[in-house]
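First listed ligand is number 1; within each ligand, the first listed atom is number 1. FYI, side chains are in, hydrogens and waters are out, and symmetry mates aren't considered; it's all heavy atoms of this structure.
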Amino acid sequence: MAASKHLLAVAKAARLVNVRRAELQRRIKSGELTTFEGMIDIADLAQAYPAVSLDYNPEVERVRQIQDKAFGKRLLERILPEPEVLMARVSQLSKELLQAHDQIGSYRNFLAQLKALLAEPAVADTSDEVLRARVYRWLRAHDDVLLNAPAASGALVQQSRALQIMAPHIRIMPSEHEYFVEGNDSILEAGLREGLAIDYGCSNGNCGKCKARVISGQAQQCRHFDYRLSEWEKAEGYILMCAHTPVTDMVLEAHEAGSAAELPRQDIVTKVKAVDALSENIALLHLQTPRTNRLRFFAGQSVQLHYGAKATVTLPVASCPCDDRNLQFHVSRLGVEDFYRFLQVGNVKGGNLRVTGPEGEFVLDDDSARPLLFLAMDCGFAPIKSLIEHAMAVDNAPHMSLFRFSERNDFYLDNLCRSWTDALDDIDYHAVTEPASQWLAGLSALLPNLEQMDIYIAGPDSFVAAVSTALAQNSHVSAFVCGAAESPGAE
Ligand code: FES
């Protein structure tokens, strides 16, 4: 009797054994771990990570901390689902458990009856002793399998169930992107937080643009919605992702923008939340979109900001698309002088600023599993920061290296870069103080695997040109020139 497989998506397997998705992908690629249609058998996972135990698993630790109320109230709200959702998940798992119990009971009955049959004199007296002995041995061996499941994979199955209650897993088809839904998030909110470019409009149950077809699993309504699905859509299993949360792990069919060209051009009136100094010459502009009209963009893209008497400036968004309501920009006094001065006027904060876009092709190649090299000079750090935060959310890159350059020795947000290296093993950061030209001369000795990397360069024209020339042989280079587009009063 072949034991049935307990298959896990790669993201879920990584979370259970507390390693990065890229680490599992590396082991799959090298043949150390086998997959079945992209899924990992839990028994193979337990064998590959024998040290994993219930004692230090992060999911179990989170449950313990919740029990101890070690989390702050706001964090608890983010992690814990509503009681009704929690009840639905527990009741669904109880149903599955009952079915599994019934199934095991039937197997045991079958084995008992078979053993009794073999012990009957008519069968026991068969002259084929060899055959009888073989059948007994076979039965004993499989009895053990049923009665004594391997301890390690048993622990992982238990953790997998706990994870399903706390954070069900979503797989989007055909992109095969995966993520988890935590706390009170809808399926859409959790997907956007993960940096996916899922189609949506209002986030509010009105437009129907976030429709998705359920391929497997169950969802429950978690927000009010006015949009009416047709009878055909209901029969086909369509739901609104902005108004539903998963009860079980789910597979959904939904459209995601595959390239920057697929995103619609948007026109949004945002609120200025803050203007803060990042350094003597750089200001941080924080805009917030309305809750029901957020900006869809890819990390690394730019938007136009409309200000004053019909003036515009084009700036790269410095924040991650995973937070599509809060948009950050690095405004350079030396790069976009008029806009910088406009922001220094006292009544800007709390006012409105119109944003149109997005535009630009300086975006991550999400399908690549190559290491990422980021080279940024001055305000070129803005789009690079967005790319890095997105890469962290997607968790595909095996390694990231960031080199920053500054003509004025202005490594603003230096602490943020250092905090990335403290929090993650697979990112290194270097603030380069020597002239860029000198550094470039020693580049191939410093990074001998340049050919195998995806390289992103951003900064002033002269910097981008010099680096592009030095990397002319590399076929995976993307470049962004900043500080080029300001049109005061020229809309
Ligand atoms: S995004 Fe508009 S209905 Fe979901």
Side-chain angles (χ1 to χ4, degrees), residues 78 81-82 84-85 88 167-175 177-248 250-271 287-299 301 303 317 319-327 355-358 390 393:
R78 270 273 301 120
E82 293 287 349
E84 307 84 60
V85 173
H169 174 264
I170 303 286
R171 189 183 180 97
I172 300 285
M173 301 301 280
S175 70
H177 286 141
E178 309 170 38
Y179 60 94
F180 297 90
V181 181
E182 297 193 334
N184 290 318
D185 278 356
S186 67
I187 299 171
L188 177 69
E189 282 167 329
L192 297 178
R193 221 186 283 285
E194 198 67 15
L196 305 190
I198 300 171
D199 273 7
Y200 73 103
C202 64
S203 319
N204 205 27
N206 284 316
C207 69
K209 287 186 183 161
C210 65
K211 256 182 281 186
R213 190 171 70 82
V214 177
I215 297 173
S216 68
Q218 286 179 32
Q220 170 161 311
Q221 186 182 338
C222 62
R223 308 263 197 283
H224 171 78
F225 62 93
D226 290 324
Y227 183 83
R228 292 172 73 91
L229 291 164
S230 70
E231 288 309 314
W232 177 85
E233 285 169 333
K234 283 186 208 160
E236 286 295 307
Y238 280 88
I239 58 167
L240 296 178
M241 287 191 281
C242 70
H244 285 80
T245 197
V247 170
T248 63
M250 297 185 80
V251 181
L252 293 164
E253 183 183 70
H255 184 259
E256 279 178 70
S259 68
E262 281 184 53
L263 288 182
R265 184 169 172 77
Q266 297 145 78
D267 191 331
I268 301 172
V269 177
T270 64
K271 196 157 268 320
L287 302 181
Q288 194 169 60
T289 72
R291 205 174 287 280
T292 55
N293 194 12
R294 301 157 188 240
L295 180 74
R296 290 186 66 195
F297 67 102
F298 278 101
Q301 283 196 293
V303 292
V317 185
S319 47
C320 177
C322 48
D323 187 359
D324 54 355
R325 257 200 97 193
N326 292 292
L327 311 174
V355 171
T356 54
H390 176 65

**Q** Just by distance, do the side chain of Q266 and the backbone of P264 share a donor-acceptor pair under 3.5 Å?
**A**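 Checked: pair present.
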**Q** Show the atoms of ligand 1 that are less than 4.0 angstrom away from any heavy atom in G205.
**A**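 Answer for ligand 1: 3 (S).
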**Q** Any carboxylate oxygen within less than 4.0 angstrom of a Lys/Arg side-chain nitrogen, looking at R296 and D199?
**A**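 A salt bridge links R296 with D199.
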**Q** Quick check: does any side chain N or O of T245 sit under 3.5 Å from a backbone N or O of D185, one acting as donor and the other as acceptor?
**A**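 Indeed, once roles are kept as given, a pair shorter than 3.5 Å links the two residues.
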**Q** Between Y200 (side chain only) and E189 (backbone N and O only), is there a donor and an acceptor less than 3.5 Å apart?
**A**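 The answer is no, because no donor-acceptor pair under 3.5 Å joins these two groups.
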**Q** Between R325 and T289, is there a donor-acceptor pair closer than 3.5 Å when you use the side chain of the first and the backbone of the second?
**A**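 Yes, the answer is positive, given that a donor and an acceptor are paired below the 3.5 Å cut-off.
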**Q** Near C207, which atoms of ligand 1 are under 4.0 Å from a heavy atom of that residue?
**A**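 Near C207, meaning under 4.0 Å from one of its heavy atoms, ligand 1 has 1 (S), 2 (Fe), 3 (S).
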**Q** Between C242 and atom 4 (Fe) of ligand 1, is there a contact where an N/O/S atom of the residue lies under 2.8 Å from the metal?
**A**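 A backbone or side-chain N, O or S atom of C242 is under 2.8 Å from atom 4 (Fe) of ligand 1.
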**Q** Which ligand 1 atoms, with their elements, are less than 4.0 angstrom from a heavy-atom of C210?
**A**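 Matching atoms, with element in brackets: 1 (S), 3 (S), 4 (Fe).
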**Q** Name the one of S203, S186, C242 that satisfies side-chain contact (heavy atoms from CB on, under 4.5 Å) with C210?
**A**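 Among S203, S186, C242, the one that satisfies the side-chain contact (heavy atoms from CB on, under 4.5 Å) with C210 is C242.
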**Q** Only heavy atoms count here, so choose which of G208, A212, G201, A243 is nearest to atom 3 (S) of ligand 1.
**A**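 Minimum heavy-atom distance to atom 3 (S) of ligand 1 goes to G208.
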**Q** Could you list which atoms of ligand 1 come closer than 4.0 Å to a heavy atom of C202?
**A**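 Answer, ordered by atom number: 1 (S), 2 (Fe), 3 (S).
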**Q** By number and element, which atoms of ligand 1 are closer than 4.0 Å to a non-hydrogen atom of N206?
**A**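 By the 4.0 Å cutoff, the relevant atoms are 3 (S).
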**Q** Give the contacting part of S203 toward ligand 1: side chain, backbone, both or neither, where contact means a heavy-atom distance below 4.0 Å.
**A**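 Answer for S203: backbone.
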